Every structure is written in C-alpha cells, then in structure tokens.
S.K.: 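If you scroll down you'll find the structure; I have some questions about it.
Since we're looking at a predicted model, the values are computed, not measured.
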Amino acid sequence: MKKLNRSKYGTVNDNRFPPLLFAVYLGTLLLMSGIHTGLLVFMVRMGWNEIIQSIVPILYWGMIAVGLTLFTRREIRRTYEEPMHMLAEAAKKVADGDFSVYVPTLHTSDKLDYLDIMIMDFNRMVEELGSIETLKTDFVSNVSHEMKTPIAIIKNYAELLQTDRIEDGRRKEYAESIENAATRLSDLIGNILKLNKLENQRIMPDVEDYDVCRQLCECILQFEDAWDEKEIELEAEIEDAAMVRADEKLMELVWNNLLSNAIKFTEPGGSVSVSQTSDENYIRVSVSDTGCGMSQECINHIFDKFYQGDTSHSKEGNGLGLALVKRVLELMDGDIRIVSEEGKGSTFTVTLPVAGMYENREVYIHG
C-alpha cells in the first residue's frame, strides 16, 4: 500500500481500498471458477439435459455477478459516499453560519488515510472560521460601545449649549467637553483604520536605517507638558546613537503609545523611566512606570483589541494602542515583553534588530 509522508500527521495511507479487498475478489473469482468446472463435470457425469447444462452455468455466474456487484456497491457506499455525504452536510451547516460543526475521522490516529486528513483539515478550517466570526462580532460590539460614549457626550453638551441662559464659563466647559469627545472619536476611528490596514498588510512599511535614540528623545519631549502636569519624574538613559532598520513613522506609533500609557497609568508624583541598551545583534528599549501595575490575567490579554485592564482610565483611551504596537513590531521583526506587578508598576521592553554600528556613549535626560 502506498503511503503519504506528512510531517504534521505522520504516515498517511494513500488508498481507501486495502490490498486485502482485492485479494478477496481474486480468491472469490478463482474459487467460483473451480466450482464452475466441478459443476460442468458433475452435470456431464450425471447425464443431464444439454439445456440444463447451459442454464445452470448462466444462473451460477449470474448469482456471482449480483453478489459481487452488491458487495462492491456496499464498499463504495461505506468507503466514499457516506463520508462525502457527511462532509457535504457539515459544509452546508457551516455555509448557514453554524461553526460548531465537527466531523469525526473514519480511522484512529495510527491508521489515517487521505480522507481522514481532508476531514481534519475541514474541522480546523471550521474552527478558524468560528474564531474569526467571534472576533468580528466582538470587534463590532466593542466599536459600537466605544463610539456610543463620545457621541452621547457630544449630543448632551450640544443640547446644553442650546439653552438660553448659560454662563460663559459653563459654555466654555461644555465646548471643551465636546472637543475632547470629538478628539477621542477621531482617534478611535483613526486607530481602527490603521490597525485594519496593518492587519491586512495594506500598509507597506517604508523600511530604512535611522537613529532610534534620536527618535526616542523626540517622542519623550512631546510628552513634557503631560508629565509636568502630573508632576511625574521622568528619567531616560539612552545611548548616543543606535541604528535600526525599520519604518520610522510606524515606530513612532510604538514609542508614543508606550510613553502615553506609562504617564496615563502613573499617579501624580510617580516616576517614569526609559532605558535603551544594545549589543551586536539587538537594540532594547524599556519603558517603566510606577503606576497601578497589572495582574497576570491582564497581561495575557493586554494586546487584544479594545481590552482595558484598568477601567478607571478607559475614558483616556480606546484599547487599540497596544494592539497597534504589537502589529507594528511584528512587521518590523521586533518583539515586546511585559513585566508587571499589581500596585508596583509595569515595564514594557521592545527588542529590535540592529542595523549598523554606533558609539556606545550614554546620555541622560531628567524630567
């Protein structure tokens, strides 16, 4: 029997009809031929009528032909038709939106054949489709929820602004609330579009060699007002230069998200630090804070879309930032790791491959 070697499934039979079945056919025909010869000799010796001698072999082989035909039909039905009907029925259920379908294999794992592999691939495909459908449903639900809040804020404050008697101070406060809600809505839509393009590879990274140390310093300075407002002590330990090969604009998304989260989750008077080191192969950037920290459950889901472990800060974001970070780093052949403890803060460490040589002098920035 021919075997198919598949590393994922082991050795797979490439024949639905085993050689034993053909041996049965051959043995049966040889046996029937011998009996036919015996019948002819018997009829001649008994002196039977010539008409009977003609009819008996015809009836005899007719019965053999009917028997073999019925046996072959049964084997074909059992071997092909029943499994294919089962797959067809399962495919119809999937087409109707039922992703809980599971088709059992015909043989045990040590006797798989190619039809078993087809069934296993079908089951895996249905499982993947079910996961995609669940993600799509969750995504739509989360987007609807996230959009509903800023839209409600804009609507409520717009109605208040239409009242006849309203103080100038209140009017300015309401206008600022509308502006903040509109900004949040704009950021949400922008992040959704960016994430969608990244996941569908419709953004082709513009990869080039550039100094990540310069970029880190520029990103840190963009948050100067934010850390001054919360009286956060910010310290950065960064080399003089470190060249990476990546898309500079996409990597700016990474650093801005990590810095924004660090400042957002750090209480007033706390501290945030940025550390950058490198060796011959990799550049590592760590962003640490003394904020609320995360549980292991939160760490496990922190890169999921719309996931927000600390709901007290949910009004300041939409849960898409770290999903964007993760996807960008995947495109850049980078990696991100998290170390966190509840009540003691978190550290996000990004690893990127080195692009070139640089001086190993350190500079310090204090906020």
S.K.: Establish whether I51 and F42 are linked, either directly or via other cluster members, by ILVMFWY side-chain heavy-atom contacts under 4.5 Å.
M.R.: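 Hydrophobic grouping puts I51 apart from F42.
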S.K.: Checking side chain to side chain contact (heavy atoms under 4.5 Å, CB included) for the pair Q276/C213: CA distance, chi angles, key distance, verdict?
M.R.: CA-CA 8 Å; Q276 180 268 320; C213 297; 3.2 Å; yes
S.K.: Between E128 and R124, is there a salt bridge with N-O shorter than 4.0 Å?
M.R.: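 Salt bridge: no.
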S.K.: Do the side chains of E330 and R327 get close enough for a salt bridge, i.e. N-O under 4.0 angstrom?
M.R.: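 Salt bridge: yes.
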S.K.: Under 4.5 Å between any side-chain heavy atoms of W61 and S33, yes or no?
M.R.: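 Of all side-chain heavy-atom pairs linking S33 with W61, at least one is under 4.5 Å.
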S.K.: Are V207 and V212 connected in the hydrophobic side-chain network, where two residues link if heavy atoms are under 4.5 Å apart?
M.R.: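 Each belongs to a different hydrophobic cluster.
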S.K.: Between atom CD1 of I302 and atom CD of E297, what is the distance when rounded to the nearest 0.5 Å?
M.R.: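 It is 11.0 Å, given to the nearest 0.5 Å.
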S.K.: Judged by atom type as modelled, is there a donor-acceptor pair below 3.5 Å linking the side chain of Y174 to the main-chain atoms of G169?
M.R.: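 A pair under 3.5 Å: no.
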S.K.: Where do V94 and F99 land on the side chain to side chain contact (heavy atoms under 4.5 Å, CB included) test, with the steps shown first?
M.R.: CA-CA 6 Å; V94 173; F99 298 105; 3.9 Å; yes
S.K.: Quick one: are E252 and C219 in side-chain contact, heavy atoms under 4.5 Å?
M.R.: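 Yes, side chains in contact.
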S.K.: F348 versus L322: any side-chain heavy-atom pair under 4.5 Å?
M.R.: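 Yes, side chains in contact.
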S.K.: May I ask whether I52 and I35 are part of the same hydrophobic cluster, defined by side-chain heavy atoms of I, L, V, M, F, W, Y residues being less than 4.5 angstrom apart, directly or through others?
M.R.: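 Same cluster.
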S.K.: Set out, in order, the CA-CA distance, both residues' side-chain angles and the distance that settles side chain to side chain contact (heavy atoms under 4.5 Å, CB included) for V272 and F223, then state yes or no.
M.R.: CA-CA 11 Å; V272 172; F223 290 91; over 6 Å; no
S.K.: Please test E81 against M86 for side chain to side chain contact (heavy atoms under 4.5 Å, CB included), starting from the C-alpha separation and ending with a verdict.
M.R.: CA-CA 8 Å; E81 289 188 357; M86 186 168 57; over 6 Å; no
S.K.: If you round to the nearest 0.5 Å, how far is CD1 of I263 from CD of E224?
M.R.: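 One gets 10.5 Å once the value is rounded to the nearest 0.5 Å.
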S.K.: Hey, does L253 have a side-chain heavy atom less than 4.5 Å from the side chain of L250?
M.R.: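 In short, these two side chains touch, coming nearer than 4.5 Å.
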S.K.: Give the minimum heavy-atom separation between I153 and S177, together with the two atoms involved.
M.R.: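 So the minimum-distance heavy-atom pair works out to CG2-O, 4.1 Å.
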S.K.: CG/D335 to OG1/T349 distance, rounded to the nearest 0.5 angstrom?
M.R.: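 These two atoms lie 9.5 Å from each other.
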S.K.: Is it true that D96 and K93 make a salt bridge, defined as a side-chain N closer than 4.0 Å to a carboxylate O?
M.R.: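 Between K93 and D96 there is no salt bridge, as every charged N stays at least 4.0 Å from the carboxylate O atoms.
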S.K.: Are M63 and L29 co-members of a hydrophobic cluster defined by side-chain heavy atoms under 4.5 Å apart?
M.R.: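 L29 does not cluster with M63.
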S.K.: Which value, rounded to the nearest 0.5 Å, describes the distance between T351 atom OG1 and N281 atom CG?
M.R.: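 Atom-to-atom, T351:OG1 and N281:CG are 11.5 Å apart.
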S.K.: Looking only at atom types and distance, does a side-chain atom of S54 sit under 3.5 Å from a main-chain N or O of E50, one as donor and one as acceptor?
M.R.: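 The answer is yes, because a donor-acceptor pair under 3.5 Å joins these two groups.
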S.K.: Is any side-chain heavy atom of M243 closer than 4.5 Å to one of V354?
M.R.: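 V354 vs M243: side chains apart.
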S.K.: Would you say E231 has more than 12 foreign heavy atoms packed within less than 6.0 Å of its CD?
M.R.: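 Open: at most 12 neighbouring heavy atoms sit under 6.0 Å from CD of E231.
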S.K.: Compare every heavy atom of I283 with every heavy atom of A242, then report the nearest pair and how far apart it is.
M.R.: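 It is CB-CD1, 3.6 Å.
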S.K.: Hey, are R214 and E248 close enough for a salt bridge, meaning a charged N less than 4.0 Å from a carboxylate O?
M.R.: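 A salt bridge links R214 with E248.
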S.K.: Taking CZ in R171 as the centre, count heavy atoms belonging to other residues, nucleotides or ligands within less than 6.0 Å. Is the count above 12?
M.R.: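 Yes, the 6.0 Å shell around CZ holds more than 12 heavy atoms from other groups.
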S.K.: Return the minimal non-hydrogen interatomic distance between S340 and I299, and the atom names on each side.
M.R.: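 That closest heavy-atom pairing would be CB-CD1, 4.0 Å.
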S.K.: Thinking salt bridges, do D279 and R284 make one under a 4.0 Å N-O criterion?
M.R.: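 Salt bridge: yes.
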S.K.: Begin with the C-alpha distance, continue with both residues' side-chain angles, and end with the deciding distance and a verdict on side chain to side chain donor-acceptor pair (under 3.5 Å) for N123 and E127.
M.R.: CA-CA 6 Å; N123 288 334; E127 185 179 353; over 6 Å; no
S.K.: Answer yes if V274 and V339 sit in the same cluster of Ile, Leu, Val, Met, Phe, Trp and Tyr residues linked by side chain heavy atoms under 4.5 Å apart, and no otherwise.
M.R.: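 No.
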S.K.: About how many Å separate OG of S271 and CD1 of I232, when rounded to the nearest 0.5 Å?
M.R.: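 With rounding to 0.5 Å, CD1 (I232) is 8.5 Å from OG (S271).
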S.K.: Do S346 and E341 have side-chain heavy atoms sitting under 4.5 Å apart?
M.R.: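 The answer is no; the side chains never approach within 4.5 Å.
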S.K.: Using side chain to side chain donor-acceptor pair (under 3.5 Å), reason through E239 and S278 one step at a time and then give a plain yes or no.
M.R.: CA-CA 9 Å; E239 293 176 314; S278 58; 2.7 Å; yes
S.K.: State, yes or no, whether a side-chain contact exists between L329 and V350 at a heavy-atom distance under 4.5 Å.
M.R.: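 Yes, their side chains come closer than 4.5 Å.
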S.K.: Taking all heavy atoms of G334 and all of L352, pick out the closest pair and write down the distance.
M.R.: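 Heavy atoms only, the tightest pair is CA-CD2, 4.0 Å.
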S.K.: For the side chain of K230 and the backbone of T266, is there at least one donor-acceptor N/O pair under 3.5 Å apart?
M.R.: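 Confirmed, K230 side chain pairs with T266 backbone.
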S.K.: Take atom CD of E179 as the centre, draw a 6.0 Å sphere, and report whether it contains more than 12 heavy atoms from other residues, nucleotides or ligands.
M.R.: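 Incorrect, the count does not exceed 12.
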S.K.: Quick check: closest heavy atoms across D211 and A241, and the distance to 0.1 Å?
M.R.: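 Taking every non-hydrogen atom into account, OD1-CA, 3.6 Å.
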S.K.: Between the side chains of E167 and R170, is the shortest nitrogen-to-carboxylate-oxygen separation below 4.0 Å, so that they form an ion pair?
M.R.: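 Here R170 does not pair with E167 in a salt bridge, since their nearest N and O are not under 4.0 Å apart.
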S.K.: Is there a side-chain contact between L115 and T105 (heavy atoms, below 4.5 Å)?
M.R.: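 No, every pair of side-chain atoms sits at 4.5 Å or beyond.
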S.K.: For E229, is the CD atom crowded, meaning more than 12 foreign heavy atoms sit under 6.0 Å from it?
M.R.: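 At most 12 heavy atoms, drawn from other residues, nucleotides or ligands, come within 6.0 Å of this atom.
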S.K.: Closest approach of A90 and V101, non-hydrogen atoms and distance?
M.R.: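 Heavy-atom minimum between the residues: CB-CG1, 3.4 Å.
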S.K.: Rounded at 0.5 Å granularity, tell me how far OH in Y157 sits from CD in E176.
M.R.: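 Result: 11.0 Å between the selected atoms.
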